Amino acid sequence: MARNTFDQDETLEQGFSMYHVKRLYDYMRPYNKPIFFCMFLMVISSILGLLGPYIIKVALDDYIPNKNIAGLTGATVLFILSLIGISWIMQNRIKTMGRVGQDILIDMRHDLFVNLQRLPFTYYDTRPHGKILVRVVNYINSLSDLLSNGFVNLVADIFSIILTMVFMFVLDARLAWVSLIGVPILMAFMYPLKALQRKAHQKLSTKQSNMNAYVSESINGMRVTQAFAHEEESMRVNEHVCEEYSNAWLGAVKLNFLVWPIMDNVATLTVALVYGSAVFIFVDNITVGLLVAFVAYVWRFWGPITNLGNFYNTIINAMANLERIFELMDEEPTVQDAPGATELPQINGLVEFEDVKFAYEDDEMILKGVSFTAKPGERVAIVGPTGSGKTTIINLISRFYNINDGRILIDGHDISQVTLKSLRGQMGIMMQDSFIFSGTIMDNIRYGNLDATDEEVIAAAKVVKAHDFIMSFEQGYETVVNERGDRLSVGQRQLISFARALLANPKILILDEATSSIDSQTEVLLQQGLDELLKGRTSFVIAHRLSTIKNSDKIIYIQDGKILEMGTHDELIAEGGGYCHLYTTQYELLKA
Ligand SMILES: Nc1ncnc2c1ncn2[C@@H]1O[C@H](COP(=O)(O)OP(=O)(O)OP(=O)(O)O)[C@@H](O)[C@H]1O
């Protein structure tokens with residue numbers, strides 16, 4: 001999968017097609033009833049709107065010359081009633097379609113979010129998160145107008161155009177033909193514009209995505225930016241992405257704004273032709289009332305055509321975003337249950353790596369044939385230099401990535417053939433980055449097991465020695481923390497994540513640098529609790545502080561994606577290899 005950065009335009013793997021329109025219609029289908037009802041209302045509204053000029057014609061040509069007061073009063077009342085009817089219909093349409101539009105957006109957001117949950121680490125590794133966010137939030141929002149007004153108005157406008165033509169032909173077929181001259185002229189202008197608009201809107205959505213990605217990255221990296229006093233550089237980049245966005249916006253809007261004047265000019269030209277032909281060619285058979293009514297119909301004919309132009313702008317914009325929304329919705333998780341995957345039964349915790357080869361990106365093998373066995377209940381430590389592949393190994397146990405070659409077995413079951421849920425549901429994982437969700441400390445720990453009682457949460461916190469610092473907060477376990485865990489120190493965040501992993505009560509426990517930021521005194525206390533707790537569980541521990549893994553049943557020393565040494569602490573020290581060197585260096589440093 002190609003990597004993308006905030007300043008790199010995303011290319012679409014698949015262009016716009018009728019398939020996208022069909023997909024959009026699938027979302028609208030459940031709301032057919034209110035949508036068709038609103039379309040029906042709009043058709044009635046068009047008919048009422050078209051009555052106006054006819055009433056004026058009758059008033060001008062018949063009632064006023066004949067001083068027919070009763071007829072004139074009746075026509076006025078009818079005219080007012082038609083205006084009231086139109087306004088009632090408008091109100092109801094806005095209310096109903098507003099609701100329907102929002103409901104459709106909720107359905108689309110739901111489906112997008114469902115797929116986001118399924119997508120593997122690789123997907124998130126390879127693109128800025130702001131670019132994902134923009135699809136779920138901004139692009140979906142941009143469909144609101146199309147769904148609330150666009151389609152209903154489209155049908156009403158088409159109906160209105162046809163009905164107006166009928167009125168025009170009934171009134172005077174010669175003038176009706178004259179007023180249609182504008183249609184091919186309009187087509188000749190609009191056709192070449194279409195391709196330009198489509199490109200401009202695609203560019204706009206790409207630049208919006210880039211801008212979002214940079215803002216999101218800047219917020220996440222704000223502390224580093226301020227620490228290095230790089231605000232100006234950051235602002236310069238921001239100005240650049242904003243300028244690119246605004247240029248793209250201007251480009252798209254400039255083309256959109258061409259649509260309306262073209263239509264207006266063609267409409268004016270048509271009216272002029274109607275007047276001209278009425279005065280110079282068909283002068284004998286035309287009354288004032290007929291001409292006034294006819295010109296009113298010509299404007300009414302061009303009104304919906306102008307609306308169609310606006311609808312066209314909306315749909316061009318929406319389609320550029322829809323392409324990306326559906327692309328994300330259709331993104332197939334590369335890590336998913338194999339066909340016929342079975343449930344992993346309750347495990348004992350035997351983990352076997354058989355000649356596992358793995359690459360994040362095709363060209364660079366990270367694990368180059370890793371084999372080891374961890375027996376149930378064994379405590380396995382994985383050590384090695386930075387970037388040697390330790391985290392990669394433990395990420396593979398939970399199948400966050402698919403391996404390129406070899407096999408990983410748990411209790412003899414190949415993990416690629418069992419369901420992800422049954423596999424991950426039996427593991428407790430504490431990752432290097434102790435992520436804290438916004439909410440209370442209690443909720444954050446309970447994330448490990450949503451069914452756990454408050455007492456169980458507190459018990460887990462006590463085991464990892466987090467209870468005391470939690471209780472030192474005024475609100476204890478109910479203290480609200482945010483996404484970055486800003487109220488908490490890094491060590492405190494680690495302890496909370498630790499408690500979360502334990503609460504899952506897993507047969508396999510994975511601890512990646514679980515205690516790297518915890519003071520030595522707390523760590524000693526924690527180790528005592530842990531010894532008891534890890535009994536009966538297979539655990540994988542990664543720790544740079546080697547004193548914490550000395551007592552492990554097995555230490556795996558990995559370098560450059562290969563296991564170089566494996567054994568107990570004493571055995572590896574006796575071997576005098578890489579582990580011994582690492583350990584003695586650390587020991588010397590501590591002594592110094
Ligand atoms: N998501 C990723 N995409 C591409 N390459 C990656 C990714 N994560 C890690 N790598 C690469 O894989 C190699 C092993 O990384 P890994 O995180 O497993 O190392 P580690 O031994 O855990 O290091 P550390 O001690 O620093 O945590 C590194 O060279 C790293 O650049």
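Count residues from 1 along the sequence. Below, each value reflects all heavy atoms present in this structure, side chains not excepted, and no hydrogens, waters or symmetry copies. In this text the structure is predicted, and so the values were computed from the model without any measurement.
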*Test log, rule side chain to side chain contact (heavy atoms under 4.5 Å, CB included), inputs Tyr579 and Leu546*: CA-CA 9 Å; Tyr579 175 78; Leu546 299 182; 4.2 Å; yes
*asked:* Suppose we screen for side-chain hydrogen bond (donor to acceptor under 3.5 Å, both in side chains). Which residues come up paired with Asp337, at least two apart in sequence or across chains?
replied: none
*Quick one: salt bridge (charged side-chain N to carboxylate O under 4.0 Å, His left out) partners of Asp454, sequence neighbours excluded?*
Arg446
*Within 45° cone of Tyr139 ring axis and under 6.0 Å: Arg324 NZ or CZ*: no
*Looking at residues at least two apart in the chain, or sitting in another chain, which of them share a salt bridge (charged side-chain N to carboxylate O under 4.0 Å, His left out) with Arg109?*
none
_The criterion is salt bridge (charged side-chain N to carboxylate O under 4.0 Å, His left out); which residues satisfy it with Glu343, sequence neighbours excluded?_
none
*With sequence neighbours left out, write down each residue that passes side chain to side chain contact (heavy atoms under 4.5 Å, CB included) with Ala466, or none if nothing qualifies.*
Ala461, Val464, Phe469, Ile470, Leu495
*Which of these, Thr391, Val541, Ile429, Asn395, sits in a side-chain contact (heavy atoms from CB on, under 4.5 Å) with Asp512?*
Thr391
*May I ask you to decide whether Arg236 forms a salt bridge with Glu233, counting only side-chain N to carboxylate O separations under 4.0 Å?*
yes
*Who are the side chain to side chain contact (heavy atoms under 4.5 Å, CB included) partners of Ala248, not counting sequence neighbours?*
Lys203, Leu204, Lys207
*In chain order, what residues pass the ring pair (Phe, Tyr, Trp, His ring centres under 6.0 Å) check against Phe372, with sequence neighbours excluded?*
Phe353
*Counting only heavy atoms not in Lys368, do more than 12 sit closer than 6.0 Å to its NZ atom?*
yes
*Apply side chain to side chain contact (heavy atoms under 4.5 Å, CB included) to the pair Asn212 and Val215, showing each step before the final yes or no.*
CA-CA 5 Å; Asn212 240 58; Val215 172; 5.9 Å; no
_I need the single residue from Thr392, Asp125, Ile366 that forms a side-chain contact (heavy atoms from CB on, under 4.5 Å) with Tyr401. Which is it?_
Asp125
Acceptor/donor pairs from residues 407-415 side chains to any protein atom, 3.5 angstrom cut, sequence neighbours excluded:
| unit_1 | atom_1 | unit_2 | atom_2 | d |
| --- | --- | --- | --- | --- |
| Arg407 | NE | Glu354 | OE1 | 3.1 |
| Arg407 | NH2 | Glu354 | OE1 | 3.4 |
| Asp411 | OD1 | Gly349 | N | 3.1 |
| Asp411 | OD1 | Leu350 | N | 2.8 |
| Asp411 | OD2 | Asn348 | N | 2.5 |
| Asp414 | OD1 | Ser416 | N | 3.0 |
| Asp414 | OD1 | Ser416 | OG | 2.9 |

*With sequence neighbours excluded, what pairs up with Asp26 under the salt bridge (charged side-chain N to carboxylate O under 4.0 Å, His left out) test?*
Lys22, Arg29
*asked:* If the condition is side chain to side chain contact (heavy atoms under 4.5 Å, CB included), which residues does His240 pass it with, not counting sequence neighbours?
replied: Glu244
*Hey, is CD on Gln117 packed in by over 12 heavy atoms from elsewhere, all under 6.0 Å?*
yes
*In this structure, are over 12 heavy atoms from other groups packed under 6.0 Å from Phe113 atom CZ?*
no
*With sequence neighbours excluded, tell me which residues meet side chain to side chain contact (heavy atoms under 4.5 Å, CB included) with Glu378.*
Ala374, Lys375, Val380, Asp553, Lys554
_Applying side-chain hydrogen bond (donor to acceptor under 3.5 Å, both in side chains), can you list everything that pairs with Asp111, at least two apart in sequence or on another chain?_
Tyr27
*Does OH in Tyr447 sit with more than 12 non-hydrogen atoms of other residues, nucleotides or ligands closer than 6.0 Å?*
no
